[in-house]
Amino acid sequence: MTMSSIKIECVLRENCHCGESPVWEEASNSLLFVDIPAKKVCRWDSLSKQVQRVTVDAPVSSVALRQSGGYVATVGTKFCALNWEDQSAVVLATVDKEKKNNRFNDGKVDPAGRYFAGTMAEETAPAVLERRQGSLYSLFPDHHVEKYFDQVDISNGLDWSMDHKIFYYIDSLSYSVDAFDYDLQTGKISNRRSVYKLEKEEQIPDGMCIDVEGKLWVACYNGGRVIRLDPETGKRLQTVKLPVDKTTSCCFGGKDYSEMYVTCARDGLDSKGLLQQPEAGGIFKITGLGVKGIPPYPYTG
Ligand SMILES: O=C(O)[C@H](O)[C@@H](O)[C@H](O)[C@H](O)CO
Ligand SMILES: [Zn+2]
């Protein structure tokens, strides 16, 4: 029998307007993340506890590792390469050129090194935006872009099954976690279906990651929690509540990927909410979950 001793700790009081896209970088013992409206990519060193920040020229919605060094990020409607040393961003591709109010949102690299990311209309307030303006794309290693579908409200969490045969995806305002069959060789998706519908108190599904047992962890915006789902049975297995409401995304990291890191937002809280949740916008670490994650895949282009 194993005793559950879950511990939740705010490891960094960053006051992010909208923290997102946590990614563990094993080589530097660091957590990468972004603050979307602040246009910042951040790197928190878990050993020294120091943060480095790079400011870019548009809202930055996701960051990922790059095999050849540095990072890739989605900035505005551009896929960019980010050089950490000189803080420069080079555009690799642009999407949604005719949609001036759009920006990228969540993104993640697939097991073959393609960078998937979707778009959305810019919000006037959290979850308030022109609907069905977004699309899902991926940047291939040769820098060409493929579009999968349009009509997306808020393109959000994404990950792949352990056998790489399923792609999981969240369009937040559908209140559903969806699955597609995935062809790793070609990067093609097919056969969309829902694997979980959020309950009312779970609020809005946002970022997502998978664990080694193939279960999905979904951060619930306004729900102040991450939930663990079994995509095969459609059942929720676990709820872990956090002391902040606007939980946006999660990833595994730390020693052997046994810790979970959770980002959250400050934007959208009123003055009372800010007083009640002083750590809103910080980075949280959850230990004692008893399940590990997997290393992030690097972009191979
Ligand atoms: O973090 C994101 O993915 C979006 O950019 C946010 O704006 C929230 O998700 C949204 O407001 C709630 O759905
Ligand atoms: Zn998100």
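Just so you know, ligand 1 is whichever comes first in the structure, and atom 1 is the first atom listed for that ligand. Just so you know, residue 1 is the first one in the sequence shown, and it goes up from there. The structure displayed is predicted, hence computed values, not measured ones. Side chains are part of it too, since the values below use all heavy atoms of this structure and drop only hydrogens, waters and symmetry mates.
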Logged contact type for Gln203 with ligand 1, heavy-atom cut-off 4.0 Å, is neither
Ligand 1 atoms nearer than 4.0 angstrom to some heavy atom of Arg103 are 5 (O)
| said: If the threshold is 4.0 Å, N to carboxylate O, is there a salt bridge linking Arg132 and Asp153? | reply: yes
Per-atom filter on ligand 1: closer than 4.0 angstrom to a heavy atom of Ala127 are 11 (O)
Review point. Are Asp96 and Thr119 linked by a side-chain donor-acceptor pair shorter than 3.5 Å?
Key: yes
Pair Trp24 + Tyr261: ring centers closer than 6.0 Å: yes
The protein heavy atom nearest to atom 5 (O) of ligand 1 is Asn105 OD1, 2.8 Å
Quiz prompt | 4.0 Å heavy-atom contact, Glu122 with ligand 1 | solution = no
OH (Tyr182) and OG (Ser161) are apart, to the nearest 0.5 Å, by 10.5 Å
inquiry  = Pairs of nitrogen or oxygen atoms closer than 3.5 Å, one from Ile36 and one from ligand 1: do any exist?
reply    = no
N or O pair under 3.5 Å between Glu123 and ligand 1
yes
Exercise. Strictly under 6.0 Å, is that where the ring centroids of Tyr148 and Phe116 end up?
Worked result: yes
Within the 4.0 Å heavy-atom cut-off, what Cys18 brings close to ligand 1 is side chain
Checking heavy atoms under 4.0 Å, the part of Leu173 that sits near ligand 1 is neither
ask   = Do the numbers put Arg66 on top of the ring of Tyr299, so that NZ or CZ is under 6.0 Å from the six-membered ring centre and no more than 45° off the axis?
value = no
Atom 8 (C) of ligand 1 has as its nearest protein heavy atom Asp206 OD2, 3.7 Å
So the atoms of ligand 1 within less than 4.0 Å of a heavy atom of Ile154 turn out to be 13 (O)
*Can the ring centres of Phe149 and Phe180 be said to be less than 6.0 Å apart?*
yes
Protein N/O/S atoms closer than 2.8 Å to the Zn ion (ligand 2) number 3
In ligand 1, the atoms that come under 4.0 Å of a heavy atom of Pro126 are 11 (O)
heavy-atom search around atom 1 (O) of ligand 1 in the protein gives Glu20 OE2, 2.6 Å
Under 4.0 Å between heavy atoms, the region of Asp106 that gets near ligand 1 turns out to be neither
Atom 13 (O) of ligand 1 sits nearest the protein heavy atom Ile204 CG2, 3.5 Å
For a quick check under 3.5 Å, do Ser30 and Ser28 share a side-chain donor-acceptor pair by atom type?
yes
Would you say Thr248 and ligand 1 have an N/O pair spaced under 3.5 Å apart?
-> no
